[in-house]
Asker: 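Structure in structure tokens, see below.
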Amino acid sequence: MARPLPEIVRIEWPPGHETPSPATDAALDRAADVLRRGGLVAIPTETVYGLAADALDEAAVEGIFRAKGRPATNPLIVHVADVAMARSLAAPWPEMAERIAAALWPGPVTVVVPKAPSIPDIVTAGGLTVALRCPAHPLARRLIERSGIPLAAPSANRSEQVSPTTAHHVLESLGSKVGLILDGGPCERGIESTVIDCTVTPPRILRPGPLTRSDLEAAVGGPVIWPAADDAAATGPARSPGIRARHYCPKTALELPADPAARVQAHLAAGRRVGWLVLVADERARALAGSRDLVAVPMPTDPAAYARQLYATLHALDQRQLDRIVADPPPADEAWRAVADRLSRAAEPGADNA
Ligand code: TXA
Ligand code: MG
């Protein structure tokens, strides 16, 4: 018998109110109950939606890997309500992590630290370090606080698909594999947190994200380094196993060509239907814009706004029966680094020979 589709429960915390509505707290308590019994709940965070389970319950965490089809070699992020909870899960809690947490938590940065023995091996893929993050979304934090449960939560999508930034995206990707989805509205940041390794000196960024290298350098009061160039392409055991080149892929092949207008024109001439993430609306882009086979999406020229919209745009274009998605390459400066990273990972390596 087919399993029923998940229940989607809207949760809100209207601005100006000291606490969420009683209905929201009741929904959070129900979610806490599901988590206590070893179940899975999809939760909103400020970055992307997470698929959460009790991080200290090995069988519950196994459920996350099963639902996502995620390889057991890819460790999970554990979400905490505050720095005190983070300290209790680390052994020891490094000074660099303390500085980052003090300056930037709650927020979209994940620190990799030595793990406490209480964390089951399945969470860390057998490794001796654990990734910890205190989310800025107040409802995610309230759930962790009210339940007292640290939440292991990867992005709430099938492995290798685009991360969800709305409750509807979670439903589309995971369907009946999750029982309860808490709908906290669209995610404010739209791409996954910055991940930084605090077990090395100087600390090293493993995944670029909403907080930049300069944000992190200001927080630690010293240098922070980027990943080695070969990390992203690593196929063997990498320092951060989930950070492989091909990830975050839309179903429609995505290309990031040097001359996007020429590429789009070639696709149209070959009778292909194309989606185009337009960053530079030059004359050639405007000339093609009238074509019946082209869905041109003007993208924000501010990197944070672009990031907020990126996955939702890819999810929407995936519904349009297109043959290709072409993206204008983003600027090379640091503010665009996370967007550039996600676009290049979404690009299909073999799709260049259209
Ligand atoms: O914004 C986010 O970080 C979202 C929300 C839900 O919080 N979560 C997320 O989780 O993106 P996930 O599982 O899709 O990505 C976690 C990343 C992976 O690249 C994984 O390899 C890395 O963090 N990671 C987890 N534990 C690690 C560890 N101990 N050492 C190095 N990298 C680790
Ligand atoms: Mg993910």
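Remember, it's a predicted structure, so these values are computed and weren't measured experimentally. One-based numbering along the sequence shown. Remember, it's 1-based here, ligands and their atoms both numbered in the order they're listed.
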Asker: Does T165 reach the main-chain N or O of G190 with its side chain, forming a donor-acceptor pair under 3.5 Å?
Answerer: no

Asker: Nearest heavy atom to atom 7 (O) of ligand 1: which of R70, K68, H79, E192 does it belong to?
Answerer: H79

Asker: State which residues pass ring-ring contact (aromatic ring centres under 6.0 Å, His included) with Y306; sequence neighbours excluded, sorted by chain then number.
Answerer: W336

Asker: Minimum distance, heavy atoms only, to atom 6 (C) of ligand 1: which one of G50, G209, A42 is it?
Answerer: G50

Asker: Heavy-atom distances under 4.0 Å are what count here, so tell me which part of D197 touches ligand 1: side chain, backbone, both or neither.
Answerer: neither

Asker: Purely on distance, is any nitrogen or oxygen of R207 under 3.5 Å from one on ligand 1?
Answerer: yes

Asker: Should D323 and R273 count as an ion pair when the cut-off is N to O under 4.0 Å?
Answerer: no

Asker: Under a 3.5 Å threshold, yes or no: a donor from one side chain and an acceptor from the other, between S173 and Q161?
Answerer: yes

Asker: Under 4.0 Å from a heavy atom of N74: give me the atoms of ligand 1 that qualify, with their elements.
Answerer: 18 (C), 20 (C), 21 (O)

Asker: Between the side chains of E188 and H137, does any donor sit under 3.5 Å from an acceptor?
Answerer: no

Asker: Please enumerate all residues that pass side chain to side chain contact (heavy atoms under 4.5 Å, CB included) together with R142, with sequence neighbours excluded.
Answerer: W13, T19, P20, D25, L28, R146

Asker: Testing the basics here: between A86 and W105, what is the closest heavy-atom pair and its distance to 0.1 Å?
Answerer: CB-CZ3, 3.6 Å

Asker: Between T129 and ligand 1, find which residue part has any heavy-atom pair under 4.0 Å and reply side chain, backbone, both or neither.
Answerer: both

Asker: Can you see whether S21 engages E12 through a side-chain donor-acceptor pair at a distance of less than 3.5 angstrom?
Answerer: no

Asker: Check L76 against ligand 1 and report side chain, backbone, both or neither, counting heavy atoms closer than 4.0 Å.
Answerer: backbone

Asker: Nearest heavy atom to atom 5 (C) of ligand 1: which of V78, I43, T47, T110 does it belong to?
Answerer: T47

Asker: Testing the 3.5 Å rule here: is there a donor-acceptor pair between the side chains of E172 and H168?
Answerer: yes

Asker: So is T45 polar-close to ligand 1, meaning N/O to N/O under 3.5 Å?
Answerer: no

Asker: I'd like the name of whichever of V123, L132, I77 reaches closest to atom 23 (O) of ligand 1 through any heavy atom.
Answerer: I77

Asker: N/O/S of S159 less than 2.8 Å from the Mg ion (ligand 2)?
Answerer: no

Asker: Should you measure from each heavy atom of V112, which atoms of ligand 1 turn up under 4.0 Å away?
Answerer: 30 (N), 31 (C)

Asker: At a 4.0 Å threshold, what atoms of ligand 1 neighbour a non-hydrogen atom of S155?
Answerer: 8 (N), 9 (C), 10 (O), 12 (P), 14 (O)

